[in-house]
Amino acid sequence: MLPYALIDLHCDTLTALSVEDVPLLKDLRDPPKKAKAAAVLADRARGNDTLNLPDRHFSLSAIPEEVRWCQCCAIFIPDEFLGDEAVAYYDLHRSNFHRQMEKLAEKVLPCCTAGDIKAAWACGKTAAVLTVENGSALAGRLDRIETLARDGARMITLTWNGENEIGSGNVTGRGLSGFGKEAVRELEREGIIIDVSHLNDRGFDDLLKTARRPFAASHSNARAVCGHKRNLTDEQIQEMIRRRCLIGLNFYNAFLREDGLPAAPDDLWRHVEHFLSLGAEDCLALGSDADGADLPPWLDNPGKLAGLYRYFLYRGLSTVQAQGILWRNALRFFQENLAK
């Protein structure tokens with residue numbers, strides 16, 4: 001028996017790039033080549049239904065019929081893009097998201113609230129929530145937050161790995177900027193969920209002093225189990241539990257184990273077990289990082305991902321606990337924290 005539903009807090013499927021796109025991204029930073037590269041990328045985005053391609057980690061057509069699915073679809077913005085370039089890149093993929101929502105309307109509905117998600121499920125469709133990975137989409141302007149809210153974006157990672165106008169990711173050492181702290185408060189006012197995945201420890205500490213509402217780590221694991229600094233420390237996890245936040249388990253091999261070997265189901269279980277030992281039963285969810293990371297082959301499509309329900313029961317979780325991780329915790333968090 002599969003779960004009633006599944007909510008995945010993070011995938012990069014919307015902006016996942018083919019090999020031939022990479023040099024075009026580089027050309028965007030070369031003034032003589034920029035206009036042509038932007039035109040080619042825009043043309044590809046208009047004709048590429050990235051959310052329904054075969055052989056991807058996530059594809060609408062690969063979702064098991066019996067599973068009600070909610071997919072958070074991130075507009076991932078590379079660290080190389082700042083200011084107007086980041087805005088243009090965001091606009092390109094925001095338009096592509098809404099184009100796909102219209103073209104694939106028989107399969108999927110764009111959702112902004114928990115009520116929207118339930119309504120999509122009630123008519124047998126996948127719920128899609130637009131999110132943003134990298135606060136460079138704001139281009140250092142507070143008025144951009146209202147724009148993102150109007151576009152339907154409902155969660156934003158403050159940084160990616162590097163540095164932007166808000167603060168620094170996990171490969172750098174600075175905390176939140178003055179603008180970043182203002183942005184946190186404005187994001188909360190607009191009902192856009194703040195996502196701390198990729199944020200470094202100093203930025204996390206700054207956020208704790210600034211945030212007044214619960215936030216998320218959409219795709220982060222436990223650092224005590226796998227020591228990568230993209231993962232959360234026990235102290236961070238405990239503070240997130242205290243604040244009724246949400247944590248999505250990341251399936252990237254390098255965040256599941258440290259030795260470079262392919263991750264096995266037991267590696268994921270060690271993270272689950274550790275989170276539960278800290279009291280995170282009501283905060284734990286799924287954040288696959290599909291189509292944005294090297295996933296183990298036993299988790300590389302929607303059918304296998306849905307199979308985690310049976311695996312969690314096999315490992316001894318109750319039905320309530322397993323369904324909590326797969327969908328109930330995330331839906332409750334959305335109900336309480338998404339803009340109405």
Looking at T159, is its backbone amide N or carbonyl O close enough to the side chain of N134 to form a donor-acceptor pair, meaning the two atoms are under 3.5 Å apart? no

Aromatic plane relationship, F255 with Y252 - under 30° parallel, 30 to 60° tilted, over 60° perpendicular: perpendicular

In this structure, would Y309 and F275 fall into the same cluster of hydrophobic residues linked by side-chain contacts under 4.5 Å? yes

Is there a salt bridge (charged side-chain N to carboxylate O under 4.0 Å, His left out) between K103 and D49? Walk through the geometry before answering. CA-CA 9 Å; K103 182 176 179 181; D49 297 335; 2.8 Å; yes

If only atom types and distance count, is the side chain of H228 paired as donor or acceptor with the main-chain N or O of R257 below 3.5 Å? no

R223 side, atom CZ; I237 side, atom CD1 - distance, nearest 0.5 Å: 9.0 Å

If you apply the rule salt bridge (charged side-chain N to carboxylate O under 4.0 Å, His left out), what do you find for R242 with E239, and how did you get there? CA-CA 5 Å; R242 189 184 73 79; E239 184 62 24; 2.7 Å; yes

Test item: Q323 side-chain N/O and V320 main-chain N/O as donor-acceptor pair under 3.5 Å: no

Considering the options L60, D8, V67, I63, which one meets the side chain to side chain contact (heavy atoms under 4.5 Å, CB included) requirement together with P302? I63

List the steps, then state whether side-chain hydrogen bond (donor to acceptor under 3.5 Å, both in side chains) holds for S220 with R230. CA-CA 7 Å; S220 295; R230 262 284 280 106; 3.1 Å; yes

Classify the angle between the aromatic ring planes of W269 and Y311 as parallel (below 30°), tilted (30 to 60°) or perpendicular (above 60°). perpendicular

For D205 and R202, run salt bridge (charged side-chain N to carboxylate O under 4.0 Å, His left out): C-alpha distance rounded to whole Å, both residues' side-chain angles, the deciding distance at 0.1 Å, then the answer. CA-CA 5 Å; D205 290 342; R202 184 174 172 186; over 6 Å; no

Evaluation steps, salt bridge (charged side-chain N to carboxylate O under 4.0 Å, His left out), between R185 and E188: CA-CA 5 Å; R185 291 186 282 267; E188 290 184 331; over 6 Å; no

So does D91 get a backbone contact from the side chain of S95, meaning a donor-acceptor N/O pair under 3.5 Å? yes

Under 3.5 Å: donor-acceptor pair, side chain of H219, backbone of L249: no

Side-chain contact test, heavy atoms from C-beta onward, threshold under 4.5 Å: evaluate it for R56 versus D300 and give yes or no. no

Just by distance, do the side chain of E133 and the backbone of T157 share a donor-acceptor pair under 3.5 Å? no

Side-chain donor/acceptor of D289 to backbone N/O of F251, under 3.5 Å: no

Nearest atoms (heavy-atom pairs only) where F97 meets C73: CE1-CB, 4.2 Å

List the steps, then state whether side-chain hydrogen bond (donor to acceptor under 3.5 Å, both in side chains) holds for S136 with N164. CA-CA 6 Å; S136 59; N164 63 26; 5.1 Å; no

Main-chain N/O of N48 paired with R99 side-chain donor or acceptor, under 3.5 Å: yes

Is the closest side-chain heavy-atom distance between C11 and H57 below 4.5 Å? no

Would H274 and D234 count as having a side-chain donor-acceptor pair, cut-off 3.5 Å? yes

Value rounded to 0.5 Å, distance of CZ in R68 from CG in L6: 13.0 Å

With side chain to side chain contact (heavy atoms under 4.5 Å, CB included) as the test, pick out the partner of L187 among I166, I193, L158. L158

Roughly how far, to the nearest 0.5 Å, is the OG1 atom of T210 from the CD atom of E182? 10.5 Å

Polar side-chain atom of W121 near backbone of A5 as donor-acceptor pair, under 3.5 Å: no

Give, for atom CG of D195 and atom CZ of F215, the distance between the pair rounded to the nearest 0.5 Å. 10.0 Å

